[in-house]
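Structure record follows, encoded as structure tokens.
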Amino acid sequence: MPRFSSPAPVRSASPPTASPRTLTHRLARCLWGMALLFAVCATVSGAGLTGAWQQASAAESAPVSTTGHSVATLITDTDTTDGRAPLHVALRLKLQQGWHTYWRNPGDAGEAPAVTVTADGGATGKASTIIWPKPHRIPDASLMSYAYTGDVVLPMVLALQPVAAQPGGPTTLKAHASWLVCENVCVPEEADLSVTLQPGPAHPSAEAPLFAAAADATPVPSPYAATVAADGVLSVTGHGLSARSVQDAWFMPDQQGLIDQAAAQNFAAQDGGLTLHLKRLPDFAANQPLSGVLVLKDAAGSERALALSASPVAAAAQGASEATSSSFTGKLAQAGFLQQVAFAFLGGLILNLMPCVFPILAMKALSLARLGKAERRTQVTSAACYSLGVMVTFLALGGVMMGLRVAGAAADWGFQFQSPLFVTLVTWLLFAMALNLLGVFEFMPVTAGSSLSTHAHGHWHDVVTGILAVVVATPCTAPFMGVAIAGALSGPPAMGLIVFAAMGLGLAAPYLLLTTVPGLAARLPKPGAWMQYLRQFLAFPLLGSCVWLLWVAALEGGASIVLLLATGLVLLGFAAWMYGVAQVKLIQQGHTRASTALHGLALLGLLGALALVPALRHQSAAPATSGSLTSGLPKGTEPFSEARLKELHAAGKPVFVDMTAAWCITCLVNEKVALDIPGTQAALAARGVTVLRGDWTNHDPAISAFLKAHGRDGVPFYLYVPANGPEVVLPQILTPGLVTSTITQ
């Protein structure tokens, strides 16, 4: 049988035939190309299909952000709905760090969020009642806010009714929401949100855990009986309540205007019950129930929120014993005010010995030396003018602080030293005083024939000295002052001013006593050449204070503030020198063109320094973050935060809280002599005590709130929180032995 093949001539004239292996390779490459093309097409079309599917089954709407301070979405706990079962929906707000929105009772300021959700399409329904989770308390000066921070979920239950005309169709949820977000300022926001759910059995969405977390944070009905008395005492009784199970408690009312929400709620627990003393407001009705949220905190730091309605207790049912108790409470309140006045006087008296007041002793010492040859009437008048300057300045400072607090601003003792501009102005003033003490110039004007060395200051100088004494004293808090200032700022304005007046009287008392008691004035050294040397010597503490304030300004405002401050010192030094030369020319030669020109140069130097104030104000608006008292901390010391304190306490570790500021000399002295020394550090480490140091050099709302919560309005403040047991507040003046004994006990 012949072979199946073409003749040789034909085979040589035709193209070569590919081998089976070559055909296989070509076919494989073709198939790979088709597969690659199919994959690309599938990816492009699949992405669109996937996006469409996700949009169809999304349980969260498109985000809306109008100001950048919050991002709002509408979420559901299921991807689908059958149109019959109630649907859980929520307004979700992702808040910018440091910003908050409000609870149903916003507190002393603010506005609660509002949202209305409407269902349309396969099912209909409408809901606007928010199931409110437990809020946080945010104190600010003398005000209290109940608010939320971070990722906020405000859930609602939406009852649905199927639509017969569109059975099995998708359901579209539309919501209109409005809310208020606040930090230092408040911004109203609103949004229209929409999400579509496909029909089908309920299936948990990716957002379902958010609803579970909100449910865990929602207050549960209280299992305890509760009553509220006409005097504001909230009593809760029930099994399981004791001083061991409840370490702290606080009450947040459902409505505004019933109680002072920022006032301390004195808490006491015993077996079977607890009491909270609420400060009533005029709208508090003694015959109406009081509803709200009671939060119970155990020893581990866990909080339990209970929805509570306290029944009123009739006045007649309180009995004679409660009437006696009320009378006794009134006497205690009166005694408390008198105690605040006494503490204020003692604090002002001790303030004369504080290091931060030492620069003013230069002015006092020269005034006391002049009294040696003055008549008694002149002595008394001088002391009265000095006391007037002190008292008026204390009253003005107290009035400003109380006014700022009423307006909602944070104002605490020494708050003005948190401004780099104020620190700069005080530095310039002390520098000018030092140049005056060194004899560069005289404050008082002189005329031909007068003497610079013998010229007497007028009584206005005593008034200015008193004013300056208070200004320089404000960075310090002497013993007894913390309780007095806190009471003055939290009580009625008239009583608060009395407390500040008592503080001023205490500061002026030594000088006033010296001039009114003849025997004390007679013991003063006789005037002589020593007065001139003392005057010059006392200029150097003032210059040292300028160096300290320059460091404070560097921490608060950075290098730019230091440059402006130092430039002002040079200009003021030039102005003082020119003014002093002009004074000498005026004494020797009378009014001449030269003295007039020198006065003009001095004025130019002064105006040059004042021209820096706008730049200083601009720089003060952006404080530096490169340097602070919490950088380079000793071993075992960490920067303060409320979260870190709670974390350490929950872990059963003791904590020592040190609230300080660069402008508080008392704070710095305590750290150098009592806290940051090897002996104290070793004692703290041996007992596992962590030191949390809060830097209040610049205004810090968290530290202000912490101080306010502990009844203080200034630094230094020292608190020891043991692993178990009550907190211990230490005095403003520390010693190594005091710190060691506190942590060992």
Side-chain angles (χ1 to χ4, degrees), residues 55 58-76 89-118 127-141 143-156 172-196 206-207 210-211 213-214 217 256 261 404 407-411 418 617-625 641-643 698-705:
Q55 180 66 27
E60 185 170 15
S61 68
V64 175
S65 178
T66 56
T67 65
H69 302 310
S70 65
V71 177
T73 56
L74 180 68
I75 62 175
T76 64
V89 300
L91 172 66
R92 183 181 186 184
L93 299 175
K94 296 181 180 180
L95 302 179
Q96 184 180 355
Q97 185 176 4
W99 291 73
H100 59 266
T101 192
Y102 293 95
W103 187 48
R104 62 170 173 250
N105 171 11
D108 293 317
E111 184 178 352
V115 57
T116 300
V117 181
T118 304
S128 59
T129 302
I130 298 175
I131 304 173
W132 299 94
K134 177 181 70 70
H136 304 292
R137 295 183 300 169
I138 302 180
D140 185 3
L143 304 177
M144 176 69 74
S145 297
Y146 303 127
Y148 304 103
T149 60
D151 194 348
V152 183
V153 175
L154 302 178
M156 296 177 290
T172 299
L173 308 180
K174 295 182 179 180
H176 179 77
S178 60
W179 64 97
L180 191 67
V181 289
C182 297
E183 190 194 31
N184 296 325
V185 297
C186 291
V187 180
E189 298 190 356
E190 61 179 351
D192 290 309
L193 309 167
S194 177
V195 63
T196 299
E207 289 73 22
L210 297 176
F211 288 85
Q256 295 175 294
Q261 297 165 124
L404 290 175
Q418 294 175 337
R617 183 178 299 174
H618 175 73
Q619 291 294 331
S620 298
T625 57
S641 70
E642 189 83 25
N698 290 310
H699 177 66
D700 188 328
I703 295 180
S704 298

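Counting begins at 1 with the first residue of the sequence. None of the values given here were measured: they were computed from a predicted structure.
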Would you find a donor on one side and an acceptor on the other, under 3.5 Å apart, between the side chain of T101 and the backbone of L180?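 Yes, T101 side chain to L180 backbone: donor-acceptor pair under 3.5 Å.
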Derivation of the side chain to side chain contact (heavy atoms under 4.5 Å, CB included) call for K174 and D192: CA-CA 7 Å; K174 295 182 179 180; D192 290 309; over 6 Å; no
Does any part of the side chain of [Y], heavy atoms only, come nearer than 4.5 Å to the side chain of [X], both counted from C-beta?
X: W99; Y: V187; answer: yes
X: T118; Y: L173; answer: no
X: C186; Y: Y102; answer: yes
X: I75; Y: F211; answer: yes
X: L93; Y: V153; answer: no
X: E111; Y: P106; answer: no
X: I130; Y: R104; answer: no

R92, K94, E207, E60 screened by side chain to side chain donor-acceptor pair (under 3.5 Å) with T73, the one that passes: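 By the side chain to side chain donor-acceptor pair (under 3.5 Å) criterion, T73 pairs with just one of R92, K94, E207, E60: E60.
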[X] side chain to [Y] side chain, donor-acceptor N/O pair below 3.5 angstrom:
X: E189; Y: S178; value: no
X: S70; Y: W179; value: yes
X: D108; Y: Q256; value: no

Worked verdict on L91 versus L193 for side chain to side chain contact (heavy atoms under 4.5 Å, CB included): CA-CA 9 Å; L91 172 66; L193 309 167; 3.9 Å; yes
Nearest non-hydrogen partners of [X] and [Y], listed with the distance:
X: S61; Y: S194; value: CB-O, 3.0 Å
X: L95; Y: H100; value: CD1-CA, 3.8 Å
X: Y146; Y: N105; value: CD1-O, 3.2 Å
X: W103; Y: Y148; value: CD1-OH, 2.9 Å

Would you please name every residue forming a side-chain hydrogen bond (donor to acceptor under 3.5 Å, both in side chains) with S145, sequence neighbours left out?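 Testing S145 for side-chain hydrogen bond (donor to acceptor under 3.5 Å, both in side chains), a comparison that skips the adjacent residues, returns none.
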Can you measure from CG (D151) to OG1 (T149) and round to the nearest 0.5 angstrom?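 With rounding to 0.5 Å, CG (D151) is 10.0 Å from OG1 (T149).
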For S128, check side chain to side chain contact (heavy atoms under 4.5 Å, CB included) against everything at least two apart and list the hits.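 Applying side chain to side chain contact (heavy atoms under 4.5 Å, CB included) to S128 gives T116.
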Walk me through whether V71 and V64 qualify under side chain to side chain contact (heavy atoms under 4.5 Å, CB included). CA-CA 6 Å; V71 177; V64 175; over 6 Å; no
